[in-house]
Protein chains: 2
Amino acid sequence: MAFCYDYPHPAVTADVVVFTIREERLAVLLIQRAQAPYAHHWALPGGFIEPNENLEQGALRELFEETGLANVYLEQLYTFGKPDRDPRERIISVAYIALAPIERLAPMAASDATAAGWFDLNELPPLAFDHQDMIHLAHQRLRAKLDYSTLAFHLLEATFTFGELQQVYELIRGTAIDKRNFRKLMRGLNWLEETGKTRRVGQHKPAKLYRLTASTPLNPIR
Amino acid sequence: MAFCYDYPHPAVTADVVVFTIREERLAVLLIQRAQAPYAHHWALPGGFIEPNENLEQGALRELFEETGLANVYLEQLYTFGKPDRDPRERIISVAYIALAPIERLAPMAASDATAAGWFDLNELPPLAFDHQDMIHLAHQRLRAKLDYSTLAFHLLEATFTFGELQQVYELIRGTAIDKRNFRKLMRGLNWLEETGKTRRVGQHKPAKLYRLTASTPLNPIR
DNA sequence: ACAAAAGTGTTCTCGATACACCCATGC
DNA sequence: GCATGGGTGTATCGAGAACACTTTTGT
């Protein structure tokens with residue numbers, strides 16, 4: 001009880017909704033809680049902010065400690081602060097959205113901290129606290145920003161095929177997109193350039209690999 | 001020093017960027033600080049969250065206590081948490097946007113707490129803390145949401161003329177809008193209905209008064 | 001009569017959508 | 001040769017932008 005104040009202070013945490021594309025589905029990263037409250041329930045990675053780190057750093061640190069993930073794109077989502085959202089004490093949580101291609105997330109499997117796992121966004125287990133709300137809001141936000149930002153590219157590696165890119169858009173929007181219209185749209189944005197290389201993946205025509213041009217803003221446009 | 005914890009807790013505040021239209025300009029409400037830090041500087045209204053209120057309640061309570069304002073539209077903006085943003089202690093601030101027509105804000109003048117005043121958004125005084133950043137972000141957000149939400153209507157009374165409505169849009173966007181295109185756009189949205197009444201204001205043709213239809217979502221659409 | 005804001009339609013451009021076939025590859 | 005995803009163009013529709021004059025009122 002070494003930390004005392006003149007008036008009550010809440011605890012502040014950062015929780016992270018990490019999205020990736022896994023097996024052709026939008027997936028979210030969850031960890032299994034070891035202790036009460038909500039022992040054995042699944043929850044978002046996250047934890048308490050340290051006195052000398054800013055909120056983003058705290059979110060990234062907790063994410064790394066609990067899941068071994070690093071090197072993800074991070075963006076603030078919303079701050080949840082209902083007085084009773086945690087039964088232990090007043091905890092205010094700053095929620096973040098994180099995005100990364102699954103290929104960059106190999107370390108996760110190696111992490112031996114808590115059990116962690118990817119869950120299809122449409123097949124989530126019961127979740128601790130208000131984490132269900134956080135994921136729902138995160139998905140909404142992701143969909144809304146898809147059309148006027150470069151968010152989708154954070155779910156891909158540095159080079160990618162048009163097919164992969166279109167799949168990201170389709171998975172986030174939840175609807176199919178016409179191939180020709182999609183390519184025309186992307187051409188119009190002038191965000192992409194050919195790398196000159198191709199990738200062969202199945203028993204069919206190799207696909208050209210693209211990358212973002214140097215001038216494309218990789219942070220959200222609005 | 002009655003409130004003690006096992007590990008350090010930050011303080012949490014809510015700060016509110018209140019916009020209104022005043023004398024044909026977008027204006028922000030500021031209060032003058034009495035004490036250090038930043039004594040005599042202008043700052044956003046706001047203050048510490050109480051243990052048993054949620055964040056929105058705290059924002060509204062502080063706004064009322066410091067300025068006498070109530071009955072405003074409120075929406076969360078962003079959470080600011082740099083460790084050194086307040087020199088006294090670690091303070092994390094959840095910033096809110098509030099909107100209200102100036103007519104509803106008469107009580108403010110009567111408030112005798114701290115000095116409070118409206119400032120033209122383009123003529124802000126030096127501000128305490130990172131409140132400059134908050135206002136800037138709030139303005140950006142307001143502009144961005146203008147086109148796909150009913151935010152603008154919170155700056156008007158329940159009935160209003162087309163001219164007043166267009167002025168709100170022009171002030172937030174910062175550009176002129178063609179009258180005929182604007183009316184066509186609004187007609188297309190089906191948000192408005194005539195009240196049957198008119199308002200005469202100068203020595204010219206009286207303007208029809210409109211209101212939002214009952215089915216128009218007054219909370220943000222996205 | 002005139003000053004001042006209210007009110008009203010048409011044209012054009014561009015972005016969004018709908019839609020079908022050939023190509024390169026591995027088996 | 002066939003299955004598989006890669007790659008390409010045209011026609012249509014609707015939203016958004018440009019643009020000027022008449023109406024009603026008070027003085």
Side-chain angles (χ1 to χ4, degrees), chain A residues 21 23-25 143-150 152 156-157 159-211 221-222, chain B residues 21 23-25 143-150 152 156-157 159-211 221-222:
Chain A
I21 308 276
E23 296 170 6
E24 326 245 304
R25 305 303 266 279
R143 240 179 302 159
K145 293 191 76 160
L146 191 63
D147 292 320
Y148 56 88
S149 76
T150 48
L156 295 168
E157 297 182 89
T159 68
F160 48 85
T161 67
F162 239 107
E164 290 165 347
L165 179 59
Q166 182 170 347
Q167 189 192 45
V168 172
Y169 274 77
E170 289 180 333
L171 286 174
I172 295 175
R173 304 202 343 179
T175 64
I177 306 174
D178 180 87
K179 217 195 308 186
R180 285 163 294 182
N181 292 340
F182 184 73
R183 289 169 111 96
K184 194 182 346 158
L185 174 71
M186 281 295 156
R187 231 177 289 132
L189 292 173
N190 264 3
W191 286 349
L192 301 185
E193 62 187 11
E194 301 189 6
T195 61
K197 304 189 175 166
T198 60
R199 173 187 296 164
R200 237 171 316 155
V201 57
Q203 52 187 31
H204 51 80
K205 186 171 174 177
K208 289 183 187 172
L209 284 169
Y210 293 82
R211 63 170 160 252
I221 289 174
R222 278 201 203 156
Chain B
I21 308 277
E23 296 170 6
E24 327 245 304
R25 304 303 266 279
R143 239 178 304 158
K145 292 191 79 162
L146 191 63
D147 291 321
Y148 57 87
S149 77
T150 48
L156 295 169
E157 297 181 89
T159 67
F160 47 85
T161 67
F162 240 107
E164 290 166 347
L165 179 59
Q166 182 171 344
Q167 189 192 46
V168 172
Y169 274 78
E170 289 180 333
L171 286 174
I172 295 175
R173 303 199 347 174
T175 64
I177 306 175
D178 180 87
K179 217 197 306 187
R180 286 163 293 184
N181 291 339
F182 184 72
R183 289 169 110 96
K184 193 178 352 151
L185 175 70
M186 282 294 156
R187 230 178 290 132
L189 292 174
N190 263 6
W191 286 349
L192 301 185
E193 62 187 9
E194 301 189 6
T195 61
K197 304 187 175 167
T198 60
R199 173 187 294 164
R200 237 173 315 153
V201 57
Q203 51 186 34
H204 52 80
K205 186 170 175 177
K208 289 184 187 173
L209 284 170
Y210 293 82
R211 62 170 160 253
I221 290 174
R222 276 200 204 158

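The figures that follow rest on heavy atoms only: side chains count, while hydrogens, waters and symmetry mates do not. Given the structure is predicted, the values throughout are model-derived calculations rather than measurements. Residue numbers begin at 1 in each chain, while the letters A, B, ... track the order of the sequences.
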Salt bridge (Lys or Arg N to Asp or Glu O under 4.0 Å) partners of B:Lys179, counting only residues at least two apart:
none

Set of side-chain hydrogen bond (donor to acceptor under 3.5 Å, both in side chains) partners for A:Glu157, sequence neighbours left out
none

Between B:Glu194 (side chain only) and B:Lys208 (backbone N and O only), is there a donor and an acceptor less than 3.5 Å apart?
no

Could you pull out all residues at least two apart from A:Arg25 that satisfy salt bridge (Lys or Arg N to Asp or Glu O under 4.0 Å)?
A:Asp120

If I take atom CG in residue A:Asn181 and atom C1' in nucleotide C:dG15, what distance separates them, rounded to the nearest angstrom?
11 Å

Any residue of residues 161-169 of chain B with a heavy atom less than 4.0 Å from an atom of DNA chain D:
none

Residue set satisfying salt bridge (Lys or Arg N to Asp or Glu O under 4.0 Å) with A:Glu193, at least two apart, ordered chain then number -> A:Arg211

In this structure, how many angstroms lie between the P atom of C:dC14 and the CZ atom of A:Arg187, rounded?
17 Å

Who are the side-chain contact (heavy atoms from CB on, under 4.5 Å) partners of B:Lys197, not counting sequence neighbours?
B:Thr195, B:Leu209

Heteroatom pairs (N/O) under 3.5 angstrom, protein to nucleotides 20-27 of chain C:
{"unit_1": "C:dA20", "atom_1": "N1", "unit_2": "A:Arg180", "atom_2": "NH1", "d": "3.4"}
{"unit_1": "C:dA24", "atom_1": "N3", "unit_2": "A:Lys205", "atom_2": "N", "d": "3.3"}
{"unit_1": "C:dT25", "atom_1": "O2", "unit_2": "A:Gln203", "atom_2": "O", "d": "2.6"}
{"unit_1": "C:dG26", "atom_1": "OP1", "unit_2": "A:Arg200", "atom_2": "NH1", "d": "2.9"}

Who pairs with A:Arg143 by side-chain hydrogen bond (donor to acceptor under 3.5 Å, both in side chains), at least two apart in sequence or on another chain?
A:His139

Donor/acceptor link under 3.5 angstrom from B:Lys184 side chain onto base of C:dT10
yes

Which residue pairs satisfy the salt bridge (Lys or Arg N to Asp or Glu O under 4.0 Å) criterion with at least one member in residues 181-190 of chain B, sequence neighbours excluded?
none

Integer-rounded Å distance: C:dA6 C1' and B:Leu209 CG
12 Å

To the nearest Å, how far apart are B:Leu192 CG and C:dG7 P?
12 Å

Boundaries of the chain B footprint along DNA chain D (any atom under 4.0 Å from a heavy atom):
D:dG16 to D:dT27

Pairing residues for B:Gln203 by the side-chain hydrogen bond (donor to acceptor under 3.5 Å, both in side chains) criterion, not counting sequence neighbours
none

Does B:Lys208 or A:Leu185 map to a spot on DNA chain C nearer the 5' end, using the closest nucleotide for each?
B:Lys208

Where is the tightest heavy-atom contact between A:Leu171 and A:Glu24, given as atom of each residue plus distance?
CD2-O, 3.4 Å

Would you kindly give the CZ-to-P distance between A:Arg173 and C:dA16, to the nearest whole Å?
11 Å

Contacts of type side-chain hydrogen bond (donor to acceptor under 3.5 Å, both in side chains), residue A:Arg173, not counting sequence neighbours
A:Thr175

Could you check how far CD1 of A:Ile177 sits from P of C:dA18, rounded to whole Å?
12 Å

